[in-house]
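Just below is one structure, and these are the notes that go with it.
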2 protein chains.
Amino acid sequence: MKRSIEIINYTKETTDIARFAKALGHPTRITILMYLENQSCCFTGDLVDILPLAQSTVSQHLKELKDAGLIQGELKPPKIKYCIHQENWNKAKELFVNFLK
Amino acid sequence: MKRSIEIINYTKETTDIARFAKALGHPTRITILMYLENQSCCFTGDLVDILPLAQSTVSQHLKELKDAGLIQGELKPPKIKYCIHQENWNKAKELFVNFLK
DNA sequence: CAAACATATCGTATATTTGCGATAAACAAA
DNA sequence: TTTGTTTATCGCAAATATACGATATGTTTG
């Protein structure tokens, strides 16, 4: 897209909140995270079974959650166990609570 | 995009969280909301002065925040005063806190 | 009514997101 | 080593988001 020359210098807090929020900004990803909260952990395949989406699509949503730092994957060959990244989860909570004060 | 025939039936809570999060998923909108939290209210022009973005772009971000229910506009002709929509703001806080427990 | 002002909306260009099927990669088991 | 299992990645298409300038809208003032 056309863009102003100037590059906007947001504060770290601002970009952190926006980054977490963006990752949370899709109902499928919320569903995945709610599932993880209940099960504490799960495999990609479990989610593929639950969600009416292609395996590649689920994998892509997981990647986005991982890139945002909200989940982490642990190798349990040939599967991968995904869990909530508790440290970043707490950080996100702190940011949101403080922001939505 | 290509889509599975099936329409996904997310819970209301899921779509509510995702909708709020999506609106919060851009640093410019976080900046606007932080400004509103400090000033309590402001005019579109104030934000145009602060942000290195075109007036139409700022207006568009405000529309998204309004559509998500996070802010509300009050006519103070010829200006429009924007404030945080406290009721929905609290609702968002509740949803996030509960979700990020 | 005309002019000035503030803001929204339109039209458009580009970037990003979302989804799929196909394929690749990594590992276990035979 | 081959086969099966699981997951990630690639390539593509469609949808949505982001940004801009131009224009429209609504209101006050002269």
Side-chain angles (χ1 to χ4, degrees), chain A residues 1-8 10 14-15 18-32 35-36 41-68 70-83, chain B residues 1-8 10 14-15 18-32 35-36 41-68 70-83:
Chain A
M1 71 205 102
K2 278 174 289 183
R3 253 213 139 291
S4 58
I5 302 102
E6 195 166 350
I7 286 164
I8 305 182
Y10 300 106
T14 296
T15 53
R19 188 169 42 83
F20 282 131
K22 194 173 182 179
L24 297 177
H26 194 287
T28 293
R29 292 195 285 272
I30 299 295
T31 304
I32 290 173
Y35 187 77
L36 279 179
C41 290
C42 77
F43 303 108
T44 307
D46 299 338
L47 295 166
V48 174
D49 290 343
I50 291 168
L51 299 165
L53 294 167
Q55 178 266 324
S56 58
T57 304
V58 174
S59 193
Q60 205 170 319
H61 280 302
L62 286 169
K63 180 175 159 48
E64 274 176 70
L65 289 172
K66 201 173 64 179
D67 289 348
L70 289 170
I71 62 173
Q72 56 192 337
E74 189 190 339
L75 273 118
K76 293 278 181 179
K79 301 189 180 185
I80 296 177
K81 193 172 79 169
Y82 280 108
C83 311
Chain B
M1 74 204 98
K2 277 173 289 182
R3 253 215 141 286
S4 58
I5 302 100
E6 198 165 348
I7 287 165
I8 306 181
Y10 300 106
T14 297
T15 52
R19 188 167 43 83
F20 281 131
K22 193 174 184 182
L24 297 177
H26 193 287
T28 293
R29 292 196 284 273
I30 299 295
T31 304
I32 289 172
Y35 187 77
L36 279 179
C41 289
C42 77
F43 302 109
T44 308
D46 299 339
L47 296 165
V48 174
D49 291 344
I50 290 167
L51 300 165
L53 295 167
Q55 178 264 323
S56 59
T57 304
V58 174
S59 193
Q60 205 171 317
H61 279 302
L62 286 170
K63 179 176 161 47
E64 273 178 69
L65 289 172
K66 201 173 62 178
D67 288 349
L70 290 170
I71 63 173
Q72 56 193 336
E74 188 189 340
L75 274 118
K76 292 277 184 181
K79 300 187 178 182
I80 295 177
K81 195 171 79 171
Y82 279 107
C83 310

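The chains referred to below are lettered A, B, ... by the order of the sequence lines, with proteins before strands, and numbering in each begins at 1.
The residue A/Gln60 sits close to a base: some heavy atom pair falls under 4.0 Å.
Under 4.0 angstrom from either OP1 or OP2 of D/dT28 there lies no side-chain N or O belonging to B/Lys79. Between B/His61 and the phosphate of D/dA19, there is a side-chain N or O to OP1/OP2 separation shorter than 4.0 Å. At the phosphate of D/dA17, neither OP1 nor OP2 sits under 4.0 Å from any side-chain N or O atom of A/His26. Residue B/Thr44 has a polar side-chain atom (N or O) positioned under 4.0 Å from OP1 or OP2 of C/dA8. Between B/Lys76 and C/dA6 there is no side-chain N or O to OP1 or OP2 distance below 4.0 Å. Regarding contacts with the backbone of D/dT6, every side-chain N or O of A/Tyr82 stays at 4.0 angstrom or more from both OP1 and OP2. Contact between the side-chain N/O atoms of B/Thr57 and the OP1/OP2 oxygens of D/dC20 is found at a separation under 4.0 Å.
Nearest heavy atoms, B/Ala68 versus B/Phe20: O-CE2, 3.3 Å. Heavy-atom minimum distance, A/Tyr82 versus A/Leu36: O-CD2, 3.2 Å. Closest approach of B/Lys22 to B/Arg29, counting heavy atoms only: O-NH2, 3.6 Å.
For the pair B/Ile8 CD1 and C/dT18 C1', the interatomic distance rounds to 11 Å; values are reported in whole Å. Between A/Leu24 atom CG and C/dT18 atom P the separation is 12 Å, expressed in whole Å. Distance CG (A/Leu75) to P (D/dT6): 15 Å, rounded to an integer number of Å. What separates NZ of A/Lys63 from P of C/dT16 is a distance of 15 Å, to the nearest Å. Separating the CD atom of B/Glu74 from the P atom of D/dT27 is a distance of 14 Å, rounded to the nearest angstrom. Distance CG (A/Leu62) to P (D/dT6): 16 Å, rounded to an integer number of Å. Taking atom NZ on B/Lys81 and atom P on C/dT7, their separation rounds to 13 Å, with Å as the unit. Residue B/Lys22 contributes atom NZ, which lies 12 Å from atom C1' of C/dT16 at whole-angstrom precision.
At a cut-off of 3.5 angstrom, counting only N and O atoms as typed in the model, there is a donor on one side and an acceptor on the other between the side-chain of B/Gln55 and the base of C/dA8.
Below 30°, between 30° and 60°, or above 60°: for A/His26 and A/His61 the angle between ring planes is between 30° and 60°, a tilted geometry.
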Legend entry - Derivation of the side chain to side chain contact (heavy atoms under 4.5 Å, CB included) call for B/Gln55 and B/Ser59: CA-CA 6 Å; B/Gln55 178 264 323; B/Ser59 193; 4.1 Å; yes
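Taking the side chain of A/Ser56 as heavy atoms from C-beta on, and the options D/dT7, D/dC20, D/dC10, the nearest nucleotide is D/dC10. Among D/dT9, C/dA8, D/dG21, the nucleotide with an atom closest to any side-chain atom of A/Ser59 is D/dT9.
Taking the nucleotide of DNA chain D with the nearest heavy atom to each of A/Lys66 and B/Arg29, the more 5' of the two is matched to A/Lys66.
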